[in-house]
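Some notes on the structure that comes next.
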Amino acid sequence: MCEPRTHRRIALLICDVPVDAIREKHGDYTRIFGTLLEESLQPINHTRSLAVDSQATFTLEPFDVHAQIYPTDDEYDAMIITEAAATAYEYDQPGKEWIKKLIEYVRYVATEKSQIKIFGVCFGHQVIALAMGGTCVRNTREVSATKLRLNELGKRVYGVESGVLNLHLMNRDHVPTEPPSFHIIVSSNHSPNHGMVRFSQSESLGDAPPLDFRLTDIHILTSQGHPEFTESIMRMLLSARRELLGTEVVDDGQSRAGNQNDGITVVGKAIWGIMGVE
């Protein structure tokens, strides 16, 4: 009997750089997402055998897709598409060719390389929607630690019976119409779609999600919220964007920045489960 593979190779498609204050304290997005993956993996490894060959490990390989640098092979277990200050639906505008190429690349991987799991955060969530036939438009601005609502499918994906998911938000655009074969799993007071899943056998399932599934049956998971953000990152981002957001929005966000955050314990755990690490 073959032993389960314990190492995962993950491509990080970097769409932007953090503001200076965040980068100086928390590092670039490779470090920020690496921290999310490391900290969500630790409790999983703790429940595994202490034998070295049973501990899950990973490599996170960054690609600056804003500079149109992409993986040259497809030997990845997963890819993560990061956030960006850019507007996803402006991909046809001058100077936004990199967004159009990213959308095309995501469509290619999603349709031709089904063995690669795909995760998208904020801008990445919107890019996946556009790549696969959904829509993305301007909406009400949402910031800071926020209570989101999980539907029944979302409860099963994230293992949260209460139906409440707490995540940091920093968005003004949203995905009102999900792509064909995708299923919405979480919503907010201002948007019906704060995250979606697509199952690996989606074409044979019709419009309904499977009645019984394992996390490894999920091919694509998206989140409009930021599982990689911490209280410190959110406070710095709000301060850096005070002029853009306005004092009222920033002060409200700062008042909630220390609230519960399920990024590591819930979303990070689910990302590992989808990659077959439980």
Side-chain angles (χ1 to χ4, degrees), residues 10-17 29 33 63-71 74 76 78-114 116-142 148 153-154 157 167 169-188 190-200 202-203 205 207 209 218-228 267 271 274:
I10 305 167
L12 183 67
L13 306 190
I14 299 176
C15 305
D16 206 343
V17 295
Y29 280 131
F33 276 89
F63 296 90
D64 183 357
V65 295
H66 191 279
Q68 303 196 33
I69 299 172
Y70 286 85
D74 57 8
Y76 289 92
M79 73 179 192
I80 301 172
I81 308 159
T82 76
E83 65 265 35
T87 302
Y89 55 80
E90 292 181 346
Y91 57 86
D92 273 335
Q93 297 297 313
K96 303 300 177 67
E97 293 82 5
W98 71 273
I99 302 177
K100 186 173 185 178
K101 181 172 181 178
L102 176 60
I103 291 171
E104 292 169 350
Y105 178 77
V106 169
R107 183 183 302 120
Y108 163 73
V109 174
T111 56
E112 302 295 330
K113 304 294 179 181
S114 60
I116 301 177
K117 305 291 189 180
I118 303 175
F119 305 104
V121 172
C122 195
F123 176 79
H125 157 76
Q126 297 161 11
V127 163
I128 289 171
L130 292 172
M132 303 303 289
T135 61
C136 177
V137 299
R138 184 55 52 91
N139 192 34
T140 300
R141 193 178 295 282
E142 298 177 290
L148 305 174
L153 179 59
V157 170
L167 285 180
L169 308 182
M170 182 57 71
N171 60 276
R172 192 174 183 183
D173 301 333
H174 77 140
V175 175
T177 306
E178 73 274 24
S181 76
F182 278 72
H183 306 282
I184 295 173
I185 59 174
V186 59
S187 62
S188 74
H190 299 291
S191 175
N193 183 2
H194 257 266
M196 315 175 288
V197 293
R198 182 178 190 266
F199 290 91
S200 297
S202 59
E203 292 183 3
L205 295 172
D207 293 331
I218 295 173
H219 178 206
I220 301 173
L221 171 70
T222 75
S223 174
Q224 181 64 68
H226 292 267
E228 79 287 6
V267 181
I271 288 172
I274 291 168

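Just so you know, these numbers come straight off a predicted model, no measurement behind them.
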Thr135 side chain to Thr177 main-chain N or O, any donor-acceptor pair under 3.5 Å?
yes

Before you tell me yes or no, could you show the steps for Phe63 and Met79 under side-chain contact (heavy atoms from CB on, under 4.5 Å), namely the whole-Å CA-CA distance, both residues' side-chain angles and the distance that decides it to 0.1 Å?
CA-CA 10 Å; Phe63 296 90; Met79 73 179 192; over 6 Å; no

Check the orientation of Trp98 and His66. Use parallel for under 30°, tilted for 30 to 60°, and perpendicular for over 60°.
tilted

When rounded to the nearest 0.5 angstrom, what distance separates CZ in Arg198 from NE2 in His183?
9.0 Å

Give a yes or no answer on whether the side chain of His219 reaches the backbone of Val197 with a donor-acceptor pair at less than 3.5 Å.
no

Under 3.5 Å donor-acceptor, Lys117 side chain and Ile218 backbone:
yes

Per the side chain to side chain contact (heavy atoms under 4.5 Å, CB included) rule, which among Val127, Asn193, Ile184 passes with Val175?
Asn193

For Gln126, which of Gln224, His174, Glu83 qualifies under side chain to side chain donor-acceptor pair (under 3.5 Å)?
Gln224

For His190, all residues meeting ring-ring contact (aromatic ring centres under 6.0 Å, His included), sequence neighbours excluded
none

Do the side chain of Thr222 and the main chain of Met196 share a donor and acceptor less than 3.5 angstrom apart?
yes

Between Tyr29 and Glu228, do the side chains contain an N or O donor and an N or O acceptor separated by less than 3.5 Å?
no

How many angstroms lie between OG in Ser223 and CG in Leu169, if you round to the nearest 0.5 Å?
8.0 Å

Counterpart residues, ring-ring contact (aromatic ring centres under 6.0 Å, His included), relative to His226 (two or more places apart)
Phe229

Using atom types as modelled, flag every donor-acceptor pair under 3.5 Å from a side chain in residues 87-94 to any protein atom, sequence neighbours excluded.
unit_1: Tyr89; atom_1: OH; unit_2: Arg138; atom_2: NH2; d: 3.4
unit_1: Glu90; atom_1: OE1; unit_2: Lys96; atom_2: NZ; d: 3.0

Quick check against the 3.5 Å criterion: does Glu104 have a side-chain atom that pairs as donor or acceptor with the backbone of Leu102?
no

Could you give the distance from OG1 (Thr140) to CG (Asp173), rounded to the nearest 0.5 Å?
11.0 Å

Tell me whether Thr82 contacts the main-chain N or O of Cys15 through its side chain, where contact means a donor paired with an acceptor under 3.5 Å.
yes

State, without any angle test, whether Glu142 and Ser188 hold a side-chain donor-acceptor pair at a distance under 3.5 Å.
yes

